[in-house]
There are 2 protein chains.
Amino acid sequence: MAQRRAEALSRARIIETAVELLDADGESGLTFRALTERLATGPGAIYWHVANKGELLDAATGAVVAAALAVERAAESPQDEVRAVALGLFDAIEDHPWLAAQLSAQLSRGPAGPVAPKIFESIGRHVRDLGVPKGSWFTATSALVHYVLGAAGQNAANARVVKAGTDRSEFLDAVSTAWEALDAEEYPFARAVAEEMRDHDDREQFLAGVDLILTGIGTVHALD
Amino acid sequence: MAQRRAEALSRARIIETAVELLDADGESGLTFRALTERLATGPGAIYWHVANKGELLDAATGAVVAAALAVERAAESPQDEVRAVALGLFDAIEDHPWLAAQLSAQLSRGPAGPVAPKIFESIGRHVRDLGVPKGSWFTATSALVHYVLGAAGQNAANARVVKAGTDRSEFLDAVSTAWEALDAEEYPFARAVAEEMRDHDDREQFLAGVDLILTGIGTVHALD
DNA sequence: ACCTGAACACCGTTCAAGT
DNA sequence: ACCTGAACACCGTTCAAGT
């Protein structure tokens, strides 16, 4: 399967290939062996452009996030802008299911990397436009960012399962049935929401959560 | 460093040792080599009790989460109960920084495992007591769960850095300075919140986010 | 039923050597 | 400056053999 080298090796081309491997086979699909084969080169050549695997993963994550955030969307209000950015990340995680774990790993390694400020910026500037007082910008934006990444990540599981061949409704049905089978004493709530899970719309549900937080922000700060 | 075997090998003892290794050296600290050395046994013995490394990680995660959720706390209202559960998970992630990535990995693999219903149950039953209409239980609970896990995970980064010897305020100072050094055109918001980040209290900030979502839930459903 | 431990396939990374 | 590719240390997992 080794291909002739089409272009000269470069950091950008390595990252691009890494994203392809991740999309195709998930995190375990990105190995230096697979990379050298696709790029028709040796490991040493890759190490010339990239410090190590961690840096490569960070770069792949950064590239995909940057592309997702760069998309312009029509929006009529700060609330709409937040929804648009949120959906952009939601879609990116749906297209690249490995992104969810990678993002939370990178964020939980600290806000030092380049991805954290990028995401905070693209959501936070609209929180600011909402009229939230400055002292609450960080809290309000964090709540939105954490929800968006968490919820989108959960959704990525569905995307992965569907990709693997199982039908979506079949999958939700299986999970729903599993929750209904839980102990009645210990899990009354999980059993009660199992039904709700069976035929919910992912996107709708996701946006409902965003709106819930936007409402909270609006109420606490009594906007307009 | 190999120790004499103190008790008979058992699944519980393997999981317990796995947690110790994870606490000491993070996810990369959990290897079958380290495990066999501590338990004074061979890999085959461990595979008799545990199917593979993934199952072991899931079990370690489940054990720590179960312990965290089992702690009883004084609470005077459903809101207070939610805050108590949230803080319990916050503390658990602070004590076991590897838990954050593990939890989001497990949740994003789908709500099939045992951890997802456990967390949903412990938060959701109080959402129900809040008076939220049944059709919104899942959305409201999801928003809380995703925020709690995401925010606590971000906080775990601090804990890890402090553990490594760096002073907390020194660390926040460094990140804050890094954000202030970002491009003024591209990152006006990140630069503006950098200051806020410098001397925020993690716990306070975390609970403010929980309250924001609780307010959103209360407003949307016009409770009491 | 439970454990031993050598062996296997695979991984990230290094480095002396080439151009 | 950029690339080659053999070699190294380490990993998860298997399995024939023991008790």
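The structure displayed is predicted, hence computed values, not measured ones. Naming convention: chains lettered A, B, ... in sequence-line order (proteins, then strands); numbering from 1 in each chain.
Evaluation of the salt bridge (Lys or Arg N to Asp or Glu O under 4.0 Å) rule for B:R203 yields B:D91 as partners, not counting sequence neighbours.
Across residues 43-52 of chain A, A:P43, A:G44, A:Y47, A:N52 each have a non-hydrogen atom less than 4.0 Å from an atom of DNA chain C (numbered order).
Taking OG1 from B:T139 and CG from B:L144, the interatomic distance works out to 11.5 Å, rounded to the nearest 0.5 Å. Between the CG atom in A:L30 and the CD atom in A:E20 there is a gap of 11.5 Å [rounded to 0.5 Å]. Remark: B:S142 OG to B:F120 CZ distance equals 3.5 Å, nearest 0.5 Å.
Separation of the C1' atoms belonging to D:dA9 and C:dC10 is 13 Å when rounded to the nearest angstrom.
Residues A:G29 and A:A34 approach most closely at O-CB, 4.0 Å, considering heavy atoms. Taking both residues in full, the closest heavy atoms of B:L103 and B:T61 are given as CD2-CG2, 3.9 Å, listed atom of the first, atom of the second, then distance.
Every stem involving DNA chain C, taken as at least 3 paired positions in a row under the Watson-Crick or G-U wobble test at 3.5 Å, is listed here: C:4-8 with D:12-16, C:12-16 with D:4-8.
Counting to the nearest Å, the C1' atom of D:dT13 and the CG atom of B:L56 are 14 Å from each other. In this entry the distance linking CZ of B:F32 with C1' of D:dA9 reads 19 Å, nearest Å.
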Requested in this report: Evaluate the criterion salt bridge (charged side-chain N to carboxylate O under 4.0 Å, His left out) for residue pair B:R128 and B:E121; output intermediate values, then yes/no.
Outcome: CA-CA 10 Å; B:R128 187 194 52 196; B:E121 181 69 35; 5.3 Å; no
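When heavy atoms are screened at a 4.0 angstrom cut-off, B:L30 is found touching the sugar-phosphate backbone but no base atom.
Using a 4.0 Å cut-off between charged side-chain N and carboxylate O, B:R198 and B:E180 make a salt bridge.
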